Amino acid sequence: MTETPSTPPAPQPRDPVAAFREDSANNQFRNARLEKLSALRAAGVEPYPYRFDRTWLAADIESQYADIAAGTETGLEVRICGRIRAIRNNGMFIDLHDSSGKIQVFSHKDFLTPDQIELVRLLDLGDMIGVTGLVRRTPRGELTVNASEVNILAKALLPLPEKYHGLSDVETRYRQRYLDLIMNPESRDTLRKRSLIMTAMRNYLIGEGFLEVETPMLHTISGGATAKPFVTHHNALGMDLFLRIAPELHLKRLIVGGLSDRVFEINRCFRNEGISPRHNPEFTTLELYQAFADYTDMMSLTEAILEHVAIAANGTTDAVVGDRVLHFKGPFARRSMAGLVHEITGVDFLQIDDAAGARDAARKLGCKIDGKENWGQALEAAFGHHAEHTLIQPTHVTDLPRDISPLAKVHRADPRLTERFETYANGIEIANAFSELTDPQDQFARFEDQMHQREAGNDEAQDMDLDYVTALEYGLAPTGGLGIGIDRLVMMLTNSPSIRDVIAFPTMRPITGI
RNA sequence: GAGCCCGUAGCUCAGCCGGUAGAGCAUCUGACUUUUAAUCAGAGGGUCUCGGGUUCGAACCCCGACGGGCUCACCA
């Protein structure tokens, strides 16, 4: 009997701490910089000091002296600080980058003590330094600070990526975002714009009388959306908890309680689903609820919010996405889901009465149908397959089926539909809103229907939330609700092809280190 | 979860039909004090992601693993 061809022996994982120590010790760049670090300390210079009094940002100096002629001395003494991004002529010229931009530093023996010249000799690309000196424009036209004092603020032990081609490896850019941000101005711009967008959104809503609130991330019942949750465990309670898939049910409880007639939350949701250029396991949403309003009010509000944040991001309601320009200027087109499908495919689902007929119709339209779909799911499938990707300019797709909208009020004109809309742009959904279902008995029945769907194998069906039904039994005012996917909105307003570009630290598999 | 593609120096990339590793920048040494991707001369730097296999010989061919990208599925 010959030896059984066994699976190859599992590679021994390296102890990551030992590996870090070993790799560091063998790193020629790091060792060269460690020697300079020692030389600094030997000269009495602390390479990691506590603070620096900055008086100017690079961009402010530039705008202040944009018009002075080459060769002009300003007489203004500034204290600037930032990261060394280029060294020319043996340290005589240093490009210093701060959060606002770049400025050149001139370090010459005429202005610096011999000790300071020695310190400059020990500087490397990537070091953080502070510089004191007079501003002038060189004969070659470069705005420059004539250093009279140089302070090291942080010695960099590792070299930066190459100055010309920069860092382009997408994996490194996402894993080591700090490097990406140092090297790629467009990454900084995108994440800064994200912050502007969120601030503008908050300010707008607060100006409209909305109260910002926080609701639980840890849920005992996974509700408010149809999605698979992450499960975690609380040791002291001895129970599993779900990371929330949506804040919806808690926010509406706050409306019931009268905390405010208008509440909103901008925060994270978690869904245990696939990762793609448009999906990250954790993502950020705006959800807001406005008492005494319905879904038509939400359409206007959606338009107002998108207009407002588009201008905050880009100064215009036009957003360039690839080779297209999206116009975030209301009013957006309003198209019913069934109407769109009818127009595009010629099939009018409203003329089909039963689920089996709807499934047949969807199947004939090329949709993947497994036979368990109800009428609304079949219509949704047809919409997803044929209509969704055609919606380039912002469009409210209205009157979604009741079957797929367990938290929305039945449409006042057609019991198969709800007063719900989703806003699409560039072929993807960015907003979802409805006249909230406020009838507790109807809500209870909808939850029961969801439970039946779950029993039938739909693991994304929502759980019964009896406390939420109880809240409704105390009376929820007519309420309009709206959710906006912040990440996707930021993608559109920053022309980012991947959701990972608009999330500072997107979810990545760890490096195993074998 | 499936399919396709990718992984070479710190970074950006070459590496042909399988013959034993290259460039630029960066680093180090020297020259040079008004540069702008500074320049010039020299030097060092590699477990070719990892593990098997085929072969006299593998960065290259085959199998597997790991990581990433795109597409699809699911969804926002």
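Chain naming here is simple, since letters A, B, ... match the order of the sequence lines and numbering starts at 1 in each. Remember, predicted model here, so these are calculated numbers, not experimental data.
Under the 30°/60° scheme for interplanar angles, the aromatic rings of A:F106 and A:F111 are found to stand perpendicular. Note on ring orientation: taking the six-membered ring where Trp is involved, the planes of A:F447 and A:Y468 are perpendicular (angle over 60°, cut-offs 30° and 60°). Between A:F421 and A:Y295, the angle of the ring planes lies from 30° to 60°, which puts this pair in the tilted group.
Considering A:L37, A:L157, A:L122, A:D127 in turn, A:L37 is the only one that fulfils the side chain to side chain contact (heavy atoms under 4.5 Å, CB included) rule with A:P47. Between A:T423 and the choices A:R334, A:H396, A:E303, the side chain to side chain donor-acceptor pair (under 3.5 Å) rule is met once, by A:H396.
The side chain of A:R500 contributes an N or O atom lying less than 4.0 Å from OP1 or OP2 of B:G69. Contact check, A:R509 against B:G67: a side-chain N or O comes under 4.0 Å of OP1 or OP2. Between A:K163 and B:A38 there is a side-chain polar atom (N or O) within less than 4.0 angstrom of OP1 or OP2.
Nucleotides B:G69 and B:C62 place their C1' atoms 24 Å apart, quoted to the nearest Å.
Using a 4.0 Å heavy-atom cutoff across all strands shown, A:R271 reaches at least one base atom of the nucleic acid. Here A:E429 lies in heavy-atom contact (under 4.0 Å) with sugar-phosphate atoms only. Within 4.0 Å (heavy atoms only), A:K36 reaches sugar-phosphate atoms of the nucleic acid but no base atom. Note on A:M183: nothing from the nucleic acid sits closer than 4.0 angstrom, heavy atoms only. In this structure, A:T138 reaches the bases: a heavy-atom distance under 4.0 Å links it to at least one base atom across the strands shown. Residue A:D169 is classed as a sugar-phosphate contact, given heavy-atom separations below 4.0 Å to backbone atoms only.
Mapping A:Y174 and A:G274 onto RNA chain B via the closest heavy atom, the residue that lands nearer the 5' end is A:Y174. Looking at which nucleotide of RNA chain B each of A:A225 and A:R121 is closest to, the 5′-most match is held by A:R121.
Considering only side-chain atoms of A:N89, the nucleotide from B:U34, B:A73, B:A26 that sits closest is B:U34. Distances were taken from every side-chain heavy atom of A:S276 (C-beta onward) to each of B:C13, B:G69, B:A73; the shortest belongs to B:A73.
Under the 90° criterion around 0 for the glycosidic angle, B:C40 counts as anti.
Pair check for B:C4 finds B:G69; Watson-Crick or G-U wobble, both atom distances under 3.5 Å.
Straight-line distance from the CD atom of A:Q104 to the C1' atom of B:U34: 9 Å, rounded to whole Å.
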